[in-house]
Peer 1: 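Pasting in a structure now, in structure tokens, and then I'll have a few things to ask.
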Amino acid sequence: MSTQASPYDEVCRVLVAMLGEDGAARQAGLSPSTPLRSLGMDSLKYINLLLSLDDIIGKELDEVAEHIDLSEITTVGDLVALVERLRDL
């Protein structure tokens, strides 16, 4: 039986850690449809988040950067889909 976390759980863990106390307070309300902007995400936080996802993706950001369009990542679910897509590259 595998105990590996789902991509959704992994993304939520990184989001909560990155957002600190605010993220921990919002963790129960996170869902795939949660807008990232509602979590206080801005361009710099998006980049920091992507850098934090290296381990989850299993690749360095510079290896997959050309496959990332920040304008397409508006919800937690979009971010999970991106992680899944980048893992398969």
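The structure presented is a predicted model; accordingly, all values stated were derived computationally and were not measured.
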Peer 1: Passes side-chain contact (heavy atoms from CB on, under 4.5 Å), Thr75 versus Leu36? Steps please.
Peer 2: CA-CA 5 Å; Thr75 66; Leu36 292 173; 5.6 Å; no
Peer 1: Give, for atom CG of Asp42 and atom CZ of Arg37, the distance between the pair rounded to the nearest 0.5 Å.
Peer 2: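 Here the rounded value is 7.0 Å.
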Peer 1: When you measure from the side chain of Ser52 to the backbone of Asn48, do you find a donor-acceptor pair of N or O atoms at a distance under 3.5 Å?
Peer 2: yes
Peer 1: May I ask you to test the Ile56-Arg13 pair for a side-chain heavy-atom distance under 4.5 Å?
Peer 2: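 The answer is yes, as the side chains (C-beta and beyond) meet within the 4.5 Å cut-off.
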Peer 1: Give a yes or no answer on whether the side chain of Lys59 reaches the backbone of Leu89 with a donor-acceptor pair at less than 3.5 Å.
Peer 2: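 Present.
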Peer 1: May I have the list of side-chain donor-acceptor pairs in residues 60-68 shorter than 3.5 Å, sequence neighbours left out?
Peer 2:
residue, atom, partner, partner atom, Å
Glu63, OE2, Glu60, N, 3.0

Peer 1: Under the salt bridge (charged side-chain N to carboxylate O under 4.0 Å, His left out) definition, can you give me all pairs with a residue in residues 77-89, not counting sequence neighbours?
Peer 2: Glu10-Arg87
Peer 1: Tell me every residue that passes side-chain hydrogen bond (donor to acceptor under 3.5 Å, both in side chains) with Ser6, counting only those two or more places apart in sequence or in another chain.
Peer 2: Asp9
Peer 1: Quick one: does Val11's side chain get under 4.5 Å of Leu49's, heavy atoms only?
Peer 2: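 The answer is no, as the side chains (C-beta and beyond) never meet within the 4.5 Å cut-off.
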Peer 1: For the residue pair Leu82 and Leu53, establish whether any side-chain heavy-atom pair is separated by less than 4.5 Å.
Peer 2: no
Peer 1: For the pair Thr74 and Leu79, evaluate side-chain contact (heavy atoms from CB on, under 4.5 Å) and give the outcome as yes or no after the intermediate values.
Peer 2: CA-CA 8 Å; Thr74 60; Leu79 188 57; over 6 Å; no
Peer 1: In Å and rounded to the nearest 0.5 Å, what is the CG to NZ distance from Leu39 to Lys45?
Peer 2: 9.0 Å
Peer 1: Output, in order, the C-alpha distance, side-chain angles, deciding distance and verdict of side-chain contact (heavy atoms from CB on, under 4.5 Å) for Met18 and Met41.
Peer 2: CA-CA 10 Å; Met18 190 188 82; Met41 296 294 291; 3.4 Å; yes
Peer 1: Which pair of non-hydrogen atoms, one from Thr34 and one from Gly29, has the smallest distance, and what is that distance?
Peer 2: OG1-O, 3.6 Å
Peer 1: Test your reading of the model: is there a side-chain donor-acceptor pair from Tyr8 to the backbone of Val76, 3.5 Å cut-off?
Peer 2: no
